[in-house]
There are 2 protein chains.
Amino acid sequence: MASFKFFYDLMSPPSRALFIFFNKLQIRYEPVKIALRHSEQLTDDYRNNVHRLQKLPVIHHNNFKLSESVAILMYLKRESIIPETLLFPSDNRALARIDEYLEWTHNNIRMSGGMLFMLKWAMPFITQEIPPEKNVKQYEKMFKTNLDTFEYIWLESENFVTGNQITYADILAACDIEQTRIAGYNPTQDRPRLSDWLDKVKAETNPFFEEGHKYIYKYAEQYKGVPPIKSSL
Amino acid sequence: MASFKFFYDLMSPPSRALFIFFNKLQIRYEPVKIALRHSEQLTDDYRNNVHRLQKLPVIHHNNFKLSESVAILMYLKRESIIPETLLFPSDNRALARIDEYLEWTHNNIRMSGGMLFMLKWAMPFITQEIPPEKNVKQYEKMFKTNLDTFEYIWLESENFVTGNQITYADILAACDIEQTRIAGYNPTQDRPRLSDWLDKVKAETNPFFEEGHKYIYKYAEQYKGVPPIKSSL
């Protein structure tokens, strides 16, 4: 029997990361799909019954309601629902590198990649207005700088964030980075090292990585980076 | 003997939080002051010998170099250098609430408060140029919304982030919030609940809270929110 409910939307990078992680490790959960595109997380019902901060992903476990992907992983580990595995190591320095990456990324890769996605695709989808080119370029530039840092500092001469073993830091990073394809950005172009790393993350987590990204890849192909508005202004 | 080196600047909120935390718990460290105002973290020497990401705070422990305040706390806890205490509880749900807050704050209180400080004070100090009023107002508005969320959702009817016991989440939050005084912002104005909470955080952590904020309070008084440029443009 599933021990916890998992509220998610595959259009949210941290939701996708947990989806891939749970399935790869065969951790059982009761899935509850929430549609961000219909702002289902902004209803009173969601605030009162799912999570007070009105975000995704969320878990409910023994009447405890928790948001934020990393907080969720750490909580489930301490509850022994997530076992110690190569994806979730116990070595102190490996854990510290993961924590360091996950703190660092918030205002770097996650923020710039997320803003690129929001401006170029999600906001036009909702408002039906084309975003100012200047703003898109600003976040594209930031994202490019952050990818440089990821490729040349985080990956250095190693295969994964913590060395030669994939961990959940790599899954979270890959989900944030792949999100930008929907904004017409190709994060692996002219980046052989990043491209190799992404191939390795996919090889270690498929078929769940592809399953988790099915909408991203579908919409990236369908819209080819053109903002999804019905008529050009 | 101190078991680790601590590189910090009291002008950085997470540096200040660790300074207060370590001193309150009488954890011994070898202090190394780094001056952000002189961009000391941007030198080749810093990148090669202190930390590859050129950020603060950083610790060196047994030849291991680590940045990001929360990663540092978790690492030192696993090394048994930080004991289990009320400030750093072992209860699983309390820890999950702390983690949830610390993830949430990155793109909320920390980002908007940090940008307010940067635009209104740090950048003018460095560039000697007055910031665009529009940009300052934008982050002021975001910070106000985030303070509302902190006051009415995070603190709800409780004294601290996790309930009735101060933890390091409160210290980190207080350091981020107090930073904005230097931008001429008074975060406790018309906020009796936030004001009570801040008084409690200070009561539990003084004299270290005041010591950690000595420059913030000094510059807030000296400049009264006026950008620190030598001549008006």
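Chain letters run A, B, ... following the sequence lines, proteins first and then strands; every chain starts at 1. Quick caveat, the model's predicted, so the values are computed rather than measured.
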Side chain, backbone, both or neither of [X] within contact of chain A (heavy atoms, under 4.5 Å):
X: B/Ser69; result: neither
X: B/His61; result: backbone
X: B/Lys65; result: backbone

Check: [Y] and [X] side chains under 4.5 Å, non-hydrogen atoms:
X: B/Val70; Y: A/Leu102; value: no
X: B/Glu103; Y: A/His106; value: yes
X: B/Asn62; Y: A/Arg93; value: yes

State the [atom1]-[atom2] distance between [X] and [Y], to the nearest 0.5 angstrom.
X: A/Ile153; Y: B/His51; atom1: CD1; atom2: NE2; value: 9.5 Å
X: B/Asn107; Y: A/Asn107; atom1: CG; atom2: CG; value: 4.5 Å
X: B/Leu66; Y: A/Asp99; atom1: CG; atom2: CG; value: 8.0 Å

Check your understanding: Pick from A/Trp104, A/Trp154, A/Tyr101, A/Phe64: which one has the most heavy-atom pairs with chain B under 4.5 Å?
Key ->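 Most heavy-atom pairs within the cutoff with chain B belong to A/Phe64.
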Check your understanding: Any ion pair linking B/Glu100 and A/Arg52 (charged N to carboxylate O, less than 4.0 Å)?
Key -> yes
Review point. Got a sec: does the NZ of B/Lys5 have more than 12 other heavy atoms crowding it under 6.0 Å?
Key: no
Point to revise | Toward chain A: residues of residues 78-88 of chain B with heavy atoms under 4.5 Å | key: B/Arg78, B/Glu79
Check your understanding: If contact means a heavy atom pair closer than 4.5 Å, which residues of residues 113-126 of chain B contact chain A?
Key -> none
Point to revise | Greatest number of heavy atom pairs closer than 4.5 Å to chain A - which of B/Arg97, B/Met111, B/Met74 | key: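 Heavy-atom pair counts peak at B/Arg97.
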Review point. B/Ala96 and A/Ala71: which non-hydrogen atoms are nearest, and at how many Å?
Key: O-CB, 4.1 Å
Practice item. Show your reasoning for whether side-chain contact (heavy atoms from CB on, under 4.5 Å) applies to A/Asn92 and B/Tyr75. Key: CA-CA 7 Å; A/Asn92 199 10; B/Tyr75 169 82; 3.6 Å; yes
